[in-house]
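So you know, we letter chains A, B, ... as the sequences are listed, proteins then strands, and number each from 1.
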2 protein chains.
Amino acid sequence: MIRIILVDDHVMLRNALAARINEFENFKVVDQCSNGKELILTLETNPEPDVVLLDLNMKEMNGMETAQWLKKNRPSIKVLMLTMYDSELTLIQLLQLGVKGILHKSASPSDLRAAINTITTEGQYFSNHTTTKLVNMVNNKEAGTKRLQKSLLNDEEVFFLQLACSDMTYKEVAQRMKLNPRTVDSIRDQLFIKLDVKSRVGLAMVAIRNGIVSL
Amino acid sequence: MIRIILVDDHVMLRNALAARINEFENFKVVDQCSNGKELILTLETNPEPDVVLLDLNMKEMNGMETAQWLKKNRPSIKVLMLTMYDSELTLIQLLQLGVKGILHKSASPSDLRAAINTITTEGQYFSNHTTTKLVNMVNNKEAGTKRLQKSLLNDEEVFFLQLACSDMTYKEVAQRMKLNPRTVDSIRDQLFIKLDVKSRVGLAMVAIRNGIVSL
DNA sequence: TAGGATATCCGTATTTTTCCCGAATTAAGA
DNA sequence: TCTTAATTCGGGAAAAATACGGATATCCTA
């Protein structure tokens with residue numbers, strides 16, 4: 001019996017997923033959480049599940065942070081990430097975090113079934129769509145491979161993006177980050193290139209799409 | 001038998017809702033659509049439902065636009081709006097569009113049941129949370145009442161917001177809107193006041209939260 | 001019809017953002 | 001060790017965004 005925990009702050013979707021999964025043979029949803037923090041609490045007092053279905057866009061502790069925690073503290077748990085939007089950035093970042101599969105929220109129930117099945121039998125699941133994007137990135141010499149190697153966001157950049165998605169000015173952001181305003185300029189310019197945008201609004205859009213900032 | 005159509009681009013959540021609703025007595029989900037356009041097509045060839053469960057944040061034709069269309073073309077259909085985030089702006093705007101109820105996506109199945117039941121028996125459903133916010137707005141003299149009267153966005157402002165959530169400069173936005181750049185400045189300044197932000201990024205955030213721009 | 005509030009349009013001034021250059025330091029690789 | 005990157009920071013200028021205010025038209029009202 002494969003044991004699964006669901007993590008998503010939308011109760012109804014979560015229940016829906018649970019109902020579907022419990023219909024499958026050999027699968028059982030043993031717990032449901034609303035965010036990463038709840039998951040950690042649950043894991044502290046309960047036996048480890050085999051799979052965690054993790055929503056990327058959550059309020060309290062989002063999917064990215066939670067996956068990072070899981071990789072570090074519970075590396076044997078397989079993570080299947082649920083995404084709302086899709087983008088190359090998320091993709092690469094998630095792979096780095098050891099996520100074993102990615103499933104778009106607009107996926108059909110049969111996609112869900114395939115994902116859950118494959119991830120337990122073969123260790124990982126990636127849809128054709130996901131794989132295609134990866135291949136395209138590798139093939140796209142000018143931007144693609146560079147991104148594969150370099151477009152991962154470090155903690156500083158993530159922190160910057162979170163602060164940039166606000167009414168603050170860059171000076172204020174620099175203060176908050178305890179950095180020289182010039183350095184903040186560099187971080188921003190770096191992100192312009194990495195994320196292929198040319199304005200702060202563009203950065204904000206990418207950040208939101210990728211669950212880096214939670215609304 | 002109350003006939004219901006679901007409109008949401010997340011298949012699994014949609015199916016979950018459908019399953020729940022079909023469990024209720026006297027309710028039946030007669031159709032499911034992924035966005036407003038599909039709904040319109042469906043309505044053209046099928047008999048009118050009693051209730052439409054409408055997601056606010058959709059790609060093709062979002063909930064706001066769809067509600068507007070329904071108000072004009074199918075005024076007898078009751079609209080229950082599903083929201084991802086919540087904000088005062090959405091609230092007022094939705095009420096103006098004749099929406100008969102608002103349900104947050106993090107609502108529980110029992111909330112869903114209450115909403116569906118109440119909307120059909122009493123004509124409308126608003127949660128305590130929603131009502132409380134409305135009351136607060138009315139009581140808050142300085143900003144509240146003004147917002148109630150004035151914070152509704154007209155088509156021009158909505159269009160501006162959609163364009164503002166991009167890498168475009170205001171000049172380019174002005175060109176696209178066929179307006180003088182100064183006029184675009186005024187629209188922006190107006191929105192700063194209405195939405196209580198002081199930068200373009202702030203505008204973008206509000207616009208996304210309210211489903212005015214779809215990512 | 002005069003007065004007052006309000007919306008629209010547009011100009012000026014200031015601040016912020018963005019870009020381009022480059023220098024000093026550190027890290028990494030051959 | 002020498003070269004090559006990458007990081008942090010600075011000056012300065014051009015462009016964009018924002019703040020402020022003025023002119024005109026409109027509409028409501030006393």
Under 4.0 Å, heavy atom to any atom of DNA chain D: which of residues 172-182 of chain A qualify?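 Asn180(A), Arg182(A), in order of number.
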Whole angstroms only, please: what is the [atom1]-[atom2] distance between [X] and [N]?
X: Gln190(B); N: dC10(C); atom1: CD; atom2: C1'; result: 15 Å
X: Ile187(A); N: dT18(C); atom1: CD1; atom2: C1'; result: 16 Å
X: Asp189(A); N: dA6(D); atom1: CG; atom2: C1'; result: 15 Å
X: Lys198(A); N: dC20(C); atom1: NZ; atom2: C1'; result: 17 Å
X: Leu191(A); N: dC19(C); atom1: CG; atom2: C1'; result: 16 Å
X: Phe160(B); N: dT8(C); atom1: CZ; atom2: C1'; result: 16 Å
X: Asp185(B); N: dT15(C); atom1: CG; atom2: P; result: 17 Å

To the side chain of [X], which of [options] is closest?
X: Phe192(A); options: dC9(C), dT18(C), dA16(D); value: dT18(C)
X: Arg200(B); options: dA19(D), dT8(D), dA17(D); value: dA17(D)
X: Arg188(A); options: dT18(D), dC10(C), dT17(C); value: dT17(C)

Please check this pair: side chain of Lys71(B) against backbone of Gln96(B), looking for a donor-acceptor N/O pair closer than 3.5 Å.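 Answer holds: yes.
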Is there a donor-acceptor pair closer than 3.5 Å between any side-chain N or O of Asn35(B) and the backbone N or O of Met58(B)?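 Side chain of Asn35(B) to backbone of Met58(B): no pair is present.
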Would you check if there is a donor-acceptor pair between the side chains of Thr131(B) and Asn128(B) at a distance under 3.5 Å? no
Answer yes if the side chains of Ser106(A) and His104(A) hold a donor-acceptor pair under 3.5 Å, and no otherwise.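 Yes - a donor-acceptor pair under 3.5 Å links their side chains.
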CG (Asn154(A)) with more than 12 external heavy atoms under 6.0 Å: yes
CZ (Arg176(A)) with more than 12 external heavy atoms under 6.0 Å: no
Hey, does the side chain of [X] come within less than 4.0 Å of [N]'s phosphate (OP1/OP2), counting only N and O?
X: Thr169(A); N: dT17(C); value: yes
X: Tyr170(A); N: dT18(C); value: yes
X: Lys171(B); N: dA16(D); value: yes

Distances for protein N or O near nucleotides 21-27 of chain C N or O, under 3.5 Å:
none

Is it true that Arg14(A) and Asp55(A) make a salt bridge, defined as a side-chain N closer than 4.0 Å to a carboxylate O? no
Heavy-atom closest pair (Met12(A) atom, Ala16(B) atom, distance to 0.1 Å) is O-CB, 4.1 Å
Given side-chain hydrogen bond (donor to acceptor under 3.5 Å, both in side chains), test Ser186(B) with Asp189(B) step by step and report yes or no. CA-CA 5 Å; Ser186(B) 296; Asp189(B) 292 344; 5.5 Å; no
